[in-house]
Each structure stands twice: as structure tokens, then as C-alpha cells.
K.L.:
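Below are the C-alpha cells for one structure; questions will follow.
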Protein chains: 2
Amino acid sequence: MKQGSTRTHAIRVAIELRRRILNGEFEGGSRLFEVALAESMQVSRTPVREAMFRLAEEGLLERVRGGGFTVRTFSLSDVADAIELRGVLEGTAARLAAERGVGEARLRQIHETLEEMEGCFGATAGEVDFDGYCDLNARFHTELASLAGSEVLRREIDRVTHLPFASPSAFLPNNADVEAFRLSLRPAQEQHRDLLDAIVKREGTRAEAIAREHARAPRRNLDILLAGQPDLLARMPALALLVT
Amino acid sequence: MKQGSTRTHAIRVAIELRRRILNGEFEGGSRLFEVALAESMQVSRTPVREAMFRLAEEGLLERVRGGGFTVRTFSLSDVADAIELRGVLEGTAARLAAERGVGEARLRQIHETLEEMEGCFGATAGEVDFDGYCDLNARFHTELASLAGSEVLRREIDRVTHLPFASPSAFLPNNADVEAFRLSLRPAQEQHRDLLDAIVKREGTRAEAIAREHARAPRRNLDILLAGQPDLLARMPALALLVT
DNA sequence: TTTGCGACTTTTGTATACACCGCAGGTTCA
DNA sequence: TGAACCTGCGGTGTATACAAAAGTCGCAAA
């Protein structure tokens with residue numbers, strides 16, 4: 001394996017392996033063999049093992065009795081639960097931020113992000129800079145997770161968010177062609193604004209409720225896909241782990 | 001290292017290392033060296049590394065830039081946040097259980113646990129079987145975590161609970177001599193009962209609120225210790241990681 | 001005195017060989 | 001005929017040697 005951009009083999013293998021898993025290159029639940037992977041990536045078993053430990057920590061692999069790992073599979077209800085869970089955690093971050101108060105600097109920063117997001121919307125209803133919005137949306141949610149000043153909470157949000165279908169931008173990118181998705185962005189942005197408003201006004205319960213509801217947008221989009229666009233569904237990399 | 005009861009060296013090392021960390025045998029934030037540990041446990045570096053990966057996953061160790069691990073330290077506010085977080089997650093489990101409904105078998109089981117706990121209380125106010133109650137309390141909370149039928153949520157609760165000071169029975173055991181603790185058990189048991197009642201009646205919001213409030217009991221106990229019993233505080237193994 | 005460079009040391013990262021465990025299939029013995 | 005046992009194979013677990021990188025110390029020059 002070539003000395004790529006990253007530091008250690010283990011990290012590179014982890015990245016490559018993650019890519020393959022999310023691409024659906026492995027059967028759901030199938031076992032991963034160290035030797036085979038090591039050969040296919042031109043490294044020894046040692047960094048492969050380390051990479052597998054890391055992916056297990058991420059929740060993409062599962063330790064199996066008697067040693068080794070299998071690719072973890074998720075049911076549709078797991079996806080729904082993960083989204084619900086992110087909503088609960090972000091809601092807690094928002095509530096605590098409101099209850100405890102937020103420093104000037106941090107508040108200014110996330111407001112700035114909010115205003116930048118505003119710039120992604122064009123004059124007419126359906127006109128949106130999708131990619132730009134996605135990036136900024138991710139940044140907004142990262143900043144939100146830190147807003148309560150709790151490292152414990154921030155970590156946990158980070159964890160849940162790492163599941164590909166539970167990220168704040170899940171079921172958004174590469175789908176600008178779905179009318180319903182584009183139109184859902186404006187209300188989402190309104191929720192962002194209301195959320196900050198509630199935090200500033202120290203309205204913890206309201207902030208929590210808004211954050212929870214806001215997290216459900218991807219869930220709605222998923223339902224739309226399930227109902228009407230199975231072809232698009234298949235193109236979603238986040239859903240390769242789904243077992244039907 | 002002798003062939004102990006468990007299967008692999010890596011697991012044994014992880015257990016032993018966890019014990020040492022929780023015993024406070026390492027300075028907070030201090031780095032752990034693979035060779036030194038390997039020698040002290042009479043194994044090679046390989047299982048030691050694996051053990052450290054596992055403990056990092058648990059949140060007891062922290063990866064440091066440039067490789068290696070340090071012992072993670074927690075501030076008092078981290079402890080408070082972890083307890084709050086457990087409350088939020090158990091609250092979610094309770095709410096979802098109420099909203100979705102719970103199967104007969106599971107419901108009967110957790111009710112059984114509840115009744116067993118009742119048996120730990122004696123005739124007079126302060127008379128309690130402390131150890132028995134602790135065990136059953138842990139069981140009750142485990143069953144609660146599964147009650148919503150969400151594997152994703154159950155895992156996350158399990159994770160947070162593994163931090164020693166965030167477990168449902170934290171700041172309970174070995175402290176039967178503290179009057180305030182013993183007296184707090186009866187109200188706690190009432191909350192258990194109310195919680196199940198809310199779930200059975202499908203009152204999700206009420207169930208969530210009770211679970212959240214219930215999780216704060218350890219927090220109150222911690223405050224009591226902080227205020228009046230610093231000597232007892234020092235005897236708490238869960239708090240060895242605390243940096244003041 | 002301070003700063004920058006370079007060799008040395010320490011510690012982690014990787015490859016590899018070997019040990020061990022479970023399992024499947026065949027063989028042998030009652 | 002069936003059951004117990006041997007045995008080879010595919011796989012992970014562990015030890016160890018070596019490579020590479022990061023940190024450390026001292027020395028020299030400005």
C-alpha cells in the first residue's frame with residue numbers, strides 16, 4: 001500500500017474499508033477475513049486488525065463470538081431509531097445551551113453560519129445551492145453540538161452522527177432533483193433560526209422541542225424515497241447496510 | 001500471564017488495566033506505555049495494544065496525537081453531564097416504550113424485578129438490603145433500556161452507563177452508612193413504580209420526565225458527598241478519574 | 001542568552017512466524 | 001451402524017524483530 005496522504009497504514013485501511021462497506025461491497029452480516037483484506041490492500045494483518053477495531057468502535061462492524069468481525073446490518077427501524085436518537089441528543093444540547101447560557105463568541109459564530117446558509121437560497125422558491133447548504137448544515141450541527149459546553153455530550157452526538165444514515169445531511173446530497181427535498185430546505189432553515197432564537201432567549205424546553213422536530217426532516221425524506229422513489233433509494237450510499 | 005478464567009490475553013489485560021485505572025493507579029492524563037504495561041502483565045505488546053483500543057472505545061483512554069494513549073480525566077461537570085445524559089437516554093427509552101407499547105412478556109419480567117426490589121425494604125424506614133437492592137436496580141435499568149425494543153438506543157445507554165460514575169447504581173454501594181442515601185431509596189423505588197405505570201398507560205411524556213428526574217438521584221448523592229463527606233468521597237472507586 | 005540544527009533515544013507502527021482453537025471429514029473400534 | 005477419536009485445514013491470537021517517527025538533549029553559532 002502506497003504512502004498516501006494520511007499517516008499510518010491502519011488509518012488508510014480503516015478509511016478504505018469504511019468506503020467499501022458503505023458502498024455495499026460486502027454482503028450484510030458477512031464475515032471479514034483478515035488475511036484476505038490484508039492481501040487486497042497490500043499490507044500485513046496488523047494494520048488490518050487495528051482498522052477493524054476502529055470500525056467496530058464506529059459501529060460499522062460487530063465482534064463475533066470466537067473472534068473476528070462481521071459487517072453490521074441495520075433494519076429500517078434502526079435507521080429511524082438512530083435519527084430519533086440524534087434528535088434527542090441535539091435537543092439536549094440545545095436545551096442545556098439555553099439553560100446554561102452561551103458565550104458571546106460561540107453565539108456569534110453559529111449566527112454567522114446561519115446567515116451564510118441564508119445566502120444559499122435564491123430568489124425563487126426552488127432555487128438552492130445544494131452542496132453549499134449541505135456543508136454549512138453540517139457545520140451548523142457541529143457547532144450546535146458544542147454549544148452546551150459539554151464534552152461528554154458532544155462526543156456522544158459525534159458518535160451517533162457517524163452512522164451514515166443518521167448524519168444531519170443524510171438523504172440530502174445528490175438529490176437536488178427531488179422537488180420535495182428542495183422545498184423542505186426553507187422550513188428547515190426556519191427551524192435553525194427558531195432554534196437559535198430559543199437558545200438566546202433561554203427557552204430550554206422550546207429549544208429542545210425544535211431540535212427534536214428538526215432532526216426528523218431526514219426521516220420524512222426517507223419516507224418519501226421509500227414511498228415513491230425506490231430507484232433513488234438504491235443510489236443512496238448511506239443505505240447499503242440496510243437489510244430488507 | 002497465567003491462563004485465567006477468560007479467553008484471550010487481550011481481554012484479561014483489558015480487565016486488569018481497567019481495574020488499575022479505576023483504582024486510580026495512574027495519574028490523571030498520564031500516558032500509558034505499551035512496553036511497560038506488557039512487562040508488568042507478562043505478555044507481549046500485541047494484546048496490550050488491543051486492550052488499549054478496547055478501553056479507548058469505552059472512553060477510559062484517549063488517543064493522543066502522534067500515537068499512544070493517555071488516561072482520560074473527568075471534571076466534576078463531566079460527571080454531572082454524564083448523569084444528565086443517562087437520564088435523557090433512559091427517558092427516551094421510557095417514552096418510546098410508552099409510545100410504541102411493550103409486549104406482555106417483557107412487561108411481566110420488569111414488573112417482577114420491581115416486586116423483588118420491594119422485598120429489599122424492611123419494616124422500618126431505614127432498614128434496607130443494600131446489596132440486593134443494588135443488583136436488582138442494575139437489572140431494572142438494563143431491562144428498561146431494552147423496553148423500547150430499539151437496539152440502537154440500548155447500545156447507547158449501555159455505553160454511557162459504562163462510565164463508572166454514570167451507572168444507575170453509582171454512589172450507592174458500600175455506603176449504607178450514610179443516612180441520606182438509605183432514605184433516598186424509598187422515593188427512588190416509588191419512581192420505578194410510577195415509571196412503569198406511565199409506560200403501561202402509554203403516557204410517553206410523563207414516563208420520560210420521571211426517568212429523567214429519577215436519574216438525578218446519584219447526582220444528589222454526589223452533592224451530599226461533596227458537601228459533607230469528603231472522606232467518603234475519597235473511598236469511591238468511581239471517582240478516581242476525577243481531576244479537581 | 002537564545003535559537004536552530006542534528007544526532008540520539010524512546011516509543012509506536014508494521015511485518016512475519018508461530019501457536020492455538022474450532023470445525024469438518026474420515027477412520028477406527030465397539 | 002453408530003459413536004468416539006484423530007487429524008488436517010482455515011482462521012484468529014500472540015510474540016518478536018525491525019522500521020519509522022516523534023520527542024529530547026546538547027552543542028554551536030548568532
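In what follows, every chain begins at residue 1, and chains take the letters A, B, ... in the order their sequences are listed.
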K.L.:
Do we see a donor-acceptor contact under 3.5 Å between the side chains of A/S40 and A/R20?
P.N.:
yes
K.L.:
From D/dG11, C/dA15, C/dT12, pick the nucleotide closest to the side chain of A/T46?
P.N.:
C/dA15
K.L.:
The side chain of A/V35 lies closest to which of these nucleotides: C/dT11, D/dT12, C/dT14?
P.N.:
D/dT12
K.L.:
Begin with the C-alpha distance, continue with both residues' side-chain angles, and end with the deciding distance and a verdict on salt bridge (charged side-chain N to carboxylate O under 4.0 Å, His left out) for B/E112 and B/R108.
P.N.:
CA-CA 6 Å; B/E112 210 170 280; B/R108 197 154 357 102; over 6 Å; no
K.L.:
Select base, sugar-phosphate, or nothing to describe what B/R63 touches, counting heavy atoms under 4.0 Å on all strands.
P.N.:
nothing
K.L.:
Would you mind classifying the nucleic acid contact of A/I11 as base, sugar-phosphate or nothing, using non-hydrogen atoms under 4.0 angstrom?
P.N.:
nothing
K.L.:
Of B/R31 and B/S44, whose closest DNA chain D nucleotide lies nearer the 5' terminus?
P.N.:
B/S44
K.L.:
Just checking A/T8: base, sugar-phosphate only, or nothing, at a heavy-atom cut-off of under 4.0 Å?
P.N.:
sugar-phosphate
K.L.:
Rounded to the nearest Å, what distance is computed from the NE2 atom of residue B/H9 to the C1' atom of nucleotide D/dT16?
P.N.:
15 Å
K.L.:
Rounded to whole angstrom units, what separation is found between the CZ atom of B/R65 and the C1' atom of D/dG23?
P.N.:
10 Å
K.L.:
Check whether any side-chain heavy atom of A/L144 sits under 4.5 Å from a side-chain heavy atom of A/I199, and report yes or no.
P.N.:
yes
K.L.:
Nearest whole angstrom, please: distance from the P of C/dT12 to the CG of B/L37.
P.N.:
9 Å
K.L.:
Quick check, are the ring centers of A/H192 and A/H141 under 6.0 angstrom apart?
P.N.:
yes
K.L.:
Without decimals, in angstroms, what is the distance between A/F33 CZ and C/dG22 C1'?
P.N.:
13 Å
K.L.:
Look at the side chain of A/D81 and the backbone N and O of A/D78, then say whether any donor-acceptor pair between them is shorter than 3.5 Å.
P.N.:
no
K.L.:
In whole angstrom, what separates B/R7's CZ from D/dG11's C1'?
P.N.:
15 Å
K.L.:
Rounded to the nearest Å, what distance is computed from the CE atom of residue A/M41 to the P atom of nucleotide C/dA15?
P.N.:
13 Å
K.L.:
Whole angstrom is fine here: how far is it from CD in A/E39 over to P in C/dA15?
P.N.:
13 Å
K.L.:
Considering only C/dT11, D/dA17, D/dT12, which nucleotide approaches the side chain of B/R45 most closely?
P.N.:
D/dA17
K.L.:
Whole angstrom is fine here: how far is it from CD in B/E34 over to P in C/dT12?
P.N.:
5 Å
K.L.:
Of the candidate nucleotides D/dG23, C/dT14, D/dA15, which contains the atom at the shortest distance from the side chain of A/A10?
P.N.:
C/dT14
